Undergrad: 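Before we start, here is the structure in question, set down as structure tokens.
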Amino acid sequence: MDKVLLVTGASRGIGAATALLAAQRGYAVAVNYHRNQAAAEAVVAAIHAGGGRAVAIAANVADEIDVQRLFAETELALGPLSALVNNAGVLEPQLRLDEMSVARWQRILATNVIGPLLCCREAVKRLSTRHGGTGGAIVNVSSAAARLGSGGEYVDYAASKGALDTLTIGLAKEVAAEGIRVNAVRPGFIYTDMHADGGEPGRVDRVKRAVPLQRGGQPQEVAEAILWLLSDAASFTTGSFIDVAGGR
Ligand code: NAP
């Protein structure tokens with residue numbers, strides 16, 4: 001039977017590229033989205049056109065009930081879960097910290113930290129040999145911002161990714177003996193819609209000269225690293241990070 005992969009935030013950008021590549025590699029894919037149903041359905045249609053299995057499921061990863069339903073619907077549609085990619089993430093317009101509101105921090109931490117915590121909890125309940133599962137893999141989509149801090153742009157977003165890195169290290173140790181590997185990728189400047197949410201759609205082209213490889217990255221280049229970490233080729237790799245940031 002196909003391995004079943006749930007990708008959060010898979011309607012666009014890195015998540016969509018990951019869902020499409022995973023389907024090419026033989027996974028049945030749950031394509032989670034928040035609001036953009038048409039984009040999620042287009043990803044599912046592309047997977048079906050290639051002969052793969054996929055389903056689009058709406059859920060806010062920051063909402064406990066939504067996340068429980070997301071995992072239940074994934075398994076109902078596709079079969080027992082094998083792997084999770086915690087990709088859904090948000091940032092907000094560039095600001096100094098002394099201009100930021102608590103409401104903004106709560107939105108960012110809810111999606112970028114509580115979301116992965118909730119999804120990891122549901123995944124561990126299903127994958128862990130302690131709970132009768134057969135093991136599996138989790139990949140968290142962090143950011144180079146976790147290392148670099150995003151000063152003057154969005155230190156709150158960077159801090160949320162720092163939390164995700166720490167979650168990756170801790171959970172990897174916690175569930176290693178239960179058959180689950182937990183790793184993360186840290187993308188750099190990647191061409192997606194996210195930069196528009198930060199108030200600057202052309203951001204990657206503005207900053208790309210600061211990247212040693214002298215360009216921005218494509219979502220597919222991040223997906224390749226995610227798929228490797230999910231695969232059996234990475235069988236001795238857990239609690240690890242792949243920076244997909246062009247050397248930045
Ligand atoms: P994107 O193009 O803006 O796509 C974001 C995705 O997340 C969409 O599918 C969106 O769904 C979904 N999403 C947002 N909030 C959600 C929620 N509460 N519940 C469920 N889904 C939610 O973003 P991206 O650039 O591909 O980013 C993907 C991940 O990579 C994020 O974690 C981001 O922090 C990380 N990253 C990106 C870059 C970069 O340069 N792009 C760099 C480093 C790290 P809808 O379509 O329904 O809104």
Side-chain angles (χ1 to χ4, degrees), residues 6-20 29-44 56-67 69-71 84-92 106-119 139-150 153-154 156-165 167-168 184-208 210-211 215-223 225-226 241-246 248:
L6 168 58
V7 184
T8 66
S11 48
R12 298 183 277 123
I14 293 167
T18 301
L20 292 166
V29 187
V31 175
N32 160 248
Y33 66 99
H34 189 201
R35 298 196 173 96
N36 202 334
Q37 182 177 6
E41 296 290 0
V43 172
V44 168
I57 304 173
N60 174 2
V61 295
D63 184 285
E64 183 174 19
I65 304 297
D66 267 21
V67 169
R69 180 181 48 75
L70 170 63
F71 279 75
L84 164 70
V85 176
N86 276 312
N87 167 78
V90 291
L91 51 66
E92 297 206 11
Q106 283 169 338
R107 285 192 297 272
I108 288 173
L109 294 176
T111 300
N112 296 7
V113 182
I114 301 288
L117 285 166
L118 283 171
C119 291
V139 174
N140 295 322
V141 181
S142 174
S143 171
R147 288 187 285 107
L148 300 169
S150 303
E153 290 196 320
Y154 12 67
D156 49 358
Y157 168 83
S160 77
K161 296 301 187 177
L164 189 55
D165 282 8
L167 165 63
T168 302
V185 293
R186 283 190 291 229
F189 303 127
I190 310 297
Y191 288 99
T192 71
D193 298 341
M194 178 179 243
H195 306 285
D197 296 336
E200 190 186 359
R203 176 166 174 262
V204 175
D205 283 326
R206 174 175 63 85
V207 296
K208 67 184 179 190
V211 177
R215 65 174 178 88
Q218 294 298 333
Q220 295 77 8
E221 296 179 286
V222 183
I226 293 170
F241 298 83
I242 298 182
D243 288 273
V244 190
R248 184 165 153 266

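In this text, all values refer to a predicted model and were calculated from it rather than measured experimentally. Counting starts at 1 for both ligands and their atoms, following the listed order.
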Undergrad: Regarding R248 and the six-membered ring of F189, is the cationic atom NZ or CZ under 6.0 Å from the ring centre and inside 45° of its axis?
TA: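 Yes; both conditions hold, so R248 lies above the ring face of F189.
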
Undergrad: Taking atom types as modelled, is there a side-chain donor on D165 or S142 under 3.5 Å from an acceptor on the other?
TA: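 There is such a pair (donor and acceptor under 3.5 Å, judged by atom type) between the side chains of D165 and S142.
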
Undergrad: Assess, by modelled atom type and distance only, whether the side chains of N60 and D66 contain a donor and an acceptor separated by less than 3.5 Å.
TA: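 Side-chain D/A pair, N60 to D66: absent.
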
Undergrad: Using a strict 4.0 Å threshold on nitrogen-to-oxygen distance, state whether R215 and E221 make a salt bridge.
TA: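 Looking at R215 and E221, the cut-off is met.
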
Undergrad: Is it the case that T168 and N140 place a side-chain donor and acceptor less than 3.5 Å from each other?
TA: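 Result is yes, a qualifying pair exists.
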
Undergrad: Any side-chain heavy atom of I57 sitting closer than 4.5 Å to one from V31?
TA: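 Contact flag for I57/V31 side chains = no.
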
Undergrad: Protein residues near ligand 1, heavy-atom distance below 4.0 Å?
TA: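 For ligand 1, the contacting residues are G9, A10, S11, R12, G13, I14, N32, Y33, H34, R35, N36, A59, N60, V61, N87, A88, G89, V90, T111, V141, S142, S143, Y157, K161, P187, G188, F189, I190, T192, D193, M194, H195.
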
